[in-house]
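As structure tokens, the structure follows; a few thoughts come after it.
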Amino acid sequence: MLSAITRITLFVFATCISVLASAQLPDTIRIDTGLIAGEAASNSDVMVYRGIPYAAPPIGANRWRAPQPPASWSGVRPATAFAPRCIQSGFAPGAEQVLSSEDCLYLNVWTPAQSQDELYPTMLWIHGGGFFAGSGNGPQYDAQHLAAKGAVVVTFNYRLGTFGFYAHPELTAESPNNASGNYAMLDAIAALEWIYNNISAFGGDPTNVTVFGESAGAIAISALISSPLSLGLIHRAILQSRADNPVLGYTSQPQLTLAEAEQAGLSQMREFGAANLAELRAAPAQAIYENFPAGGSVNVDGWFLPKSIFQTFYDGEQHPVYLMAGTNRDEANFFGPGIPDLATYRNTVNELYGDSTEDFLALYPASDDASANAMGKQAFNDEMAFLARNTAGYQADWGFESYVYFFTRVPPGTNRGATHVSELAYVFNQHDQHPEWTDADRALADAMATYWVSFARSSRAGGPGLPAWPGFTGNEPGNVMVLGEEFGAETEMVPSAGKLEFFESRHFDALE
């Protein structure tokens, strides 16, 4: 990992080089490992470079190690095809692709630059998928129209499931940092360091980096801005539908300590039948995938993450970055049918809230199975919305511009409402992929892409002819941008003040 002083020195050097660069972005670009050649994107004036290695393949002895530097190459490496996604299966977009591999640490760059000294804001996308699925590849993250708004956009793959999060005492002992697990998060650090060293070759600014991501990607961003290892690498953050808080019916467990993660790893090794780490590293990747947990989670390892994410924010020790956060109105509809009946609802509420059960039921009353299901989903949606406001509020307390959105548009042809992931095509302004969209959809997508890039450029979300997006200063009406068929500052708070106060009290009770 690079020190802050090293990062500053490299930036000064890169700036000097960029001044000498050609006035026209060359067809072939030199990065720190060699020459690459990309191609024009299909429906815009943007150039795209796909499948660039940002770390060595995490195979063999590199399985469950911090990412190692990628090898250099001679000649010109074609950068016109996506690399394999990381090993996975599941529901996430792109998970049905056949091509997957343990050798998967590659990234993709979309750039509108015409010269290498333009210094466009840089945006790094971290995909969702519950830490068990997804990739930076595929049409759902085609970033050409977002980049055309005036940003260099990078997407990348990171290790998933057991490959990205396995902890074990032997791994901790061999680590110079006395830590294990969190390899997926170290992949993200490596991608950020690659950006710092190389993005100026694409016309991007290495000192103006916005990290944006959805669901598990937003959790990863929360972890990154809680980690000392990313200091100086991230300047703004956009958290879309962060979903790691306890929510009714889908309660997340508290973050594991390193010791707890190691004990889980010991048990998994025994069940697999391996005698030691060497045997486990020698096992075929498919055997590991089939016999270990598919998902993963960030542990408090004392190195990447000194304390839990929530505790870090509560103590005011997160990075002082500019921040945008938000959720979708019907998030819960994505995650299954919900609570089945009134008895289960009441039992679940009592287990979650104990002495506060009656307070909760006064806010979310249910008298039959149907209303129990509806109230359970509404509480899910509201607690996620609380978390977005809460996170933005912490940053606003630092004096950094923070923004909150509430996405309400129901995409045409869907019957689940404005559910989890619904905002993605709008953020990436993918109007050419959706012939079913109306003029309202196209206008919303154009506006959201403009807001996102404006925030990445200047820390302020705005654009010519667009409604003013108010900065978030607390839980008062008018502090949140509603993004729907029409968009503008909220006229009433959703969730209500009473619901926000309830979740805030429960949140702080868990931390104090």
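When reading the values below, keep in mind they use all heavy atoms of this one structure, side chains included, and skip hydrogens, waters and symmetry mates. Because the structure is a prediction, the values reported are computed rather than measured.
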Compute whether any side-chain donor of one residue and acceptor of the other, for Trp452 and Gln240, lie under 3.5 angstrom apart.
yes

Taking atom types as modelled, is there a side-chain donor on Tyr120 or Asp205 under 3.5 Å from an acceptor on the other?
no

Quick check, are the ring centers of Tyr314 and Tyr394 under 6.0 angstrom apart?
no

Would you mind reporting whether Phe212 and Val427 have side-chain heavy atoms less than 4.5 Å apart?
yes

If only side-chain N and O atoms count, and only distance matters, is there a donor-acceptor pair under 3.5 Å linking Arg236 with Asn208?
yes

Taking the six-membered ring for Trp, are Trp125 and Tyr141 closer than 6.0 Å centroid to centroid?
yes

Where do Ala179 and Leu258 come nearest, in terms of heavy atoms and distance?
CA-CD2, 4.2 Å

How about Phe131 and Phe165: are their ring centres within less than 6.0 Å of each other?
yes

For Arg50 versus Thr80, what's the shortest heavy-atom pair and its separation?
NH1-O, 3.3 Å

Under a 3.5 Å threshold, yes or no: a donor from one side chain and an acceptor from the other, between His420 and Glu214?
yes

Would you say the rings of Tyr166 and Phe292 are close, in the sense that their centroids are separated by under 6.0 Å?
yes

When Thr155, Ile219, Ile221 are each screened for side-chain contact (heavy atoms from CB on, under 4.5 Å) with Ile126, the one that passes is Ile221

SB check Asp446 Lys149 (cutoff 4.0 Å):
yes

Gln395 versus Gln318: any side-chain heavy-atom pair under 4.5 Å?
yes

Carboxylate-amine/guanidinium contact Arg416 Asp330, below 4.0 Å:
no

Aromatic ring centroids of Tyr403 and Tyr451 under 6.0 Å?
no

Taking the six-membered ring for Trp, are the ring centroids of His127 and Phe156 within less than 6.0 Å of each other?
no

Any chance you could measure Trp303, atom CH2, to Leu186, atom CG, to the nearest 0.5 Å?
5.0 Å

Would you say the ring centers of His145 and Phe428 fall short of 6.0 Å from each other?
no

Look at the rings of Trp437 and His434 and say which category their plane angle falls in: under 30° parallel, 30 to 60° tilted, over 60° perpendicular.
parallel

Report the C-alpha distance between Phe380 and Phe335 in whole Å, list the side-chain angles of each, state the deciding distance to 0.1 Å, and finish with yes or no for ring pair (Phe, Tyr, Trp, His ring centres under 6.0 Å).
CA-CA 10 Å; Phe380 182 112; Phe335 295 96; 5.3 Å; yes

